[in-house]
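Chain letters run A, B, ... following the sequence lines, proteins first and then strands; every chain starts at 1. Note that the structure is predicted; figures quoted are calculated from it, not measured. Only this structure's heavy atoms are used, side chains among them; waters, hydrogens and symmetry mates stay out.
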Amino acid sequence: MFRKSEVKPIIECYHCGDECLLPILFNGRSFCCNGCKTVFELLESHQLCEYYNLENHPGVKLKEGSDKRFLYLDREDVRANLIYFSDQRTSHVRFLIPQMHCVSCLYLLENLSKMNSAILQSQVDFDKRKVNIAFSHDLVSLRQIVQLLTEIGYEPYISYNDLQVKEAKNPNRKIIYKLGVAGFCFANIMLLSFPEYLGLDILKDPEITYTFRALIISLSLPVIFYSASEFFINSWIGIKNRFINIDAPVSIAIIVTFLRSIYDLLTNSSPGFLDSMSGIVFFMLLGRYFQSKTKDSLDFNRDYKSYFPVSVNKLTVNVETPLLLNEISKNDILRIRNLETIPVDGILISEMADIDYSFITGESASCRIRKGALLYQGGRVLGESVDLTAIKQFDKNAFVDLWNSTAKNSKLEHRSVIHQFSHYFSYAVFSIAIVTAIYWAFIDSKKILDSATSVLIIACPCLLLLASSFTNGFLISLFAKYGLYFKNYLGIERMAQCDQIVFDKTGTLTMDHSMEVKYIGIELTEYEKSLISSIASKSTHPYSKSISLLLMAQKKITIQEVNEIPGEGIYAVVNNQIVLLGSKNFVGDTSQESSLYASEVYFKIDQLIKGRFAISQKLRNNIAVSFKTLEMKKVHVLSGDKTESVKEVLSKIPISISYKAACTPMDKVEYIKELSGQGSKVIMVGDGLNDAGALNWAYLGVSVMNENFSFSPGSDALLEGNQMYRIPQFLKLARFGQKTIKIVFAYSFIYNFIGLAYAVTGHLKPLVAAILMPISSLSIIFLSFFALKVYEIKFGKLKNVNILQSS
Amino acid sequence: MVKIIILLLGVSLCVALFFLFAFLWSVNDGQYDDEYGPPRRILFENKKQNIRK
């Protein structure tokens, strides 16, 4: 175990909060990298240091990428689609910036004018992660604005769809209007009903009584014809499709209450039940609204187009012109830079290329391609930039075909168990009403109508609807608080019903861009460490960075000659020694033992191979510990990677896992189909395009969002990558949620019984209903709230557990 | 005498209706779209900006 004195104090970057392995000092503050320091300098020079005062470490790490990728923003057609308003001098543009996460982001993005006076005003809609910028288009171009945003770490997310279609603004506010009207009418009707309950006599004050009753009836009209309309519409749709959903008995109850009340008021037999009716409509609408709130800024329906950048640069005689993806034609020469995605299949023109296909195939090792060979759409370029000749247009590639073939006709519209339950409930209520009517027919026929309608009024499934919608609403926000975002509440129900879980490996169980490096071989001298670091720093390959970080060498050694060969290694000459850093082949190692690791970088100095850096993917935080509590019949891992890689990663997780390696995307779909065919309900957790099909075919698809906000395939739920370890907890919560709904249902039966006792005996007075309704509704809401709150307190205890990483 | 209460009722309903319309208008105007920004924005210390719409 670690003793406190053994652990070095961690220096956090002043800008982004990451650990500074090699702190860069500036102005008395430490930064983890040059990027962070640059942003700090920039903000300081514009007097925007309040950014750092509002929140600790608010900074966003800069993404690597060249400025040339923004060339397309100078195009007229692109500008026309992005700018939503323009007059003589100013233009307005709206960007989606998913990186904003705190009050400092809000501050900085609303003070852009301080950084460039040509920006007149910028306003943030934080919930949607959007910023509206008004600027003088004569003084600053759209491209310069995007470049500025990128320089401070807030690169806008511009998708293909943004460039095709003008943004249609259509917020769904209808339900809030209905809520407002229902609430207003409910409160006033209640107010106006009480005098009659409490002694207002129609004989003594006829004028007042009639006025009150007239007002009550007029106030109830908007409720039944406007606010309650969605219940009627939904139940009608259900009946047309030969299905009785829960809106059906609710609608009947509302209509019966309304008619009975009008009749009573007009015949002077009672004050009517309009207050209870409008109250229950209000509460049910509130529940519905609450249940439908999902995170505005997330898109659950991303298709493959969102994976690609919107433009690629075409080379014509050494000049780069930006092309939109649908403009790429056969034989265009395209230049793709480090970490950019290949937009179409093509033939390599450059000497060598190092391509990462992990998002498509799941293979974590990159591919070395020589000049003249094929490059496939969707691969990511590593290291030096690459030129290729396009052989197909964007829409005509195998990739797109693959995507389309793994899509399924949309999941059968999942019917919530509540709707199935409403069947039984409706039959029960009608039976009771009929029995009551028959009973009173023999005893006292005057009471038939009274008792029968009372039964229909009070035995309202409204309480059931309330119970489920509020519990679902609380569940959605509880899950969201801990990093799991559902498309809608039905996903929670599905999650609770699943008994098997399938994970993808690369990017899902393992971190997307972090790697673990181990050195195996003859111990390196300090000189050698500095040597390797200096050489590695000349390369942009991701492995180089990881190696430098491992060595933590201080000195920089000047290198006489250095030459990086993509996909093979680096050749350098230092102090007249020849140094090679690269693949086994590159350094000439001929030993036959197969590698246990995803990749190895060998180190050879002057004919001696001293050792190698074994690079394996890092498992996500805390998974090894937390997955021990995973309660599933079976756990599976599917990967496009080779068996050794999969085994290596699985060895770090101490539970029994079935796995299948070297899976193509179709293999994954078949695996899921097979499990489903055996009667299992399967959760699929994946992050890449090679998982998109499996995500569609699983009972519940969970897509993993990476830290750098890049593409996640569309699915039923989105999970923040660093919350992966909470999956066992999430499963338990989903199951507990279903139990809670059942408990609250049972509780609501108490009110139904009490009310029914009054109704069946023909004694249901409006006063009784008016009291029962708010008490039952509010107590149900509080019960579900507290049940989940208590659970969260127990569950939340795991939030702050400091789990020491093993190894 | 009795009619006073009816008059008062009418007036109070009108006032309440006014607030209902104010609520509906503010929702339509988009004032409830962002719940995070407005409370924090007013706490920023800023020199007066020259805002041109």
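The contact between A/Asn188 and chain B is made entirely by side chain atoms (from C-beta outward), counting heavy-atom distances below 4.5 Å. Looking at A/Leu191, there are no atoms closer than 4.5 Å to chain B (heavy atoms on both sides), in backbone or side chain. Using a 4.5 Å cut-off between heavy atoms, B/Leu24 touches chain A through backbone and side chain atoms alike. In this structure, the portion of B/Leu9 lying under 4.5 Å from any heavy atom of chain A is its side chain and not its backbone.
Atom CZ of residue B/Arg40 and atom CD of residue A/Glu55 lie 9.0 Å apart, to the nearest 0.5 angstrom.
By the 30° and 60° cut-offs, the orientation of the rings of B/Tyr36 relative to A/Phe126 is parallel.
The most heavy-atom pairs under 4.5 Å with chain A, out of B/Gly37, B/Gly30, B/Ala16, come from B/Ala16.
Salt-bridge formation is not detected for the pair A/Arg173/B/Asp29: no Lys NZ or Arg NE/NH1/NH2 atom is positioned less than 4.0 Å from an Asp or Glu carboxylate oxygen.
Closest approach of B/Ile6 and A/Thr211 over heavy atoms only: CD1-OG1, 3.4 Å. Closest approach of B/Asp34 and A/Asp127 over heavy atoms only: OD1-N, 3.2 Å.
Of the N and O atoms on the side chains of B/Asn28 and A/Tyr177, at least one donor lies less than 3.5 Å from an acceptor on the other residue.
For B/Arg41 (side chain) and A/Leu106 (main-chain N/O), no donor-acceptor pair under 3.5 Å exists by modelled atom type.
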- [ ] Please report the C-alpha distance between A/Ile176 and B/Tyr32 in whole Å, then the side-chain angles of each, then the deciding distance to 0.1 Å, and finally whether the side-chain contact (heavy atoms from CB on, under 4.5 Å) criterion is met.
- [x] CA-CA 10 Å; A/Ile176 299 186; B/Tyr32 287 95; 5.9 Å; no
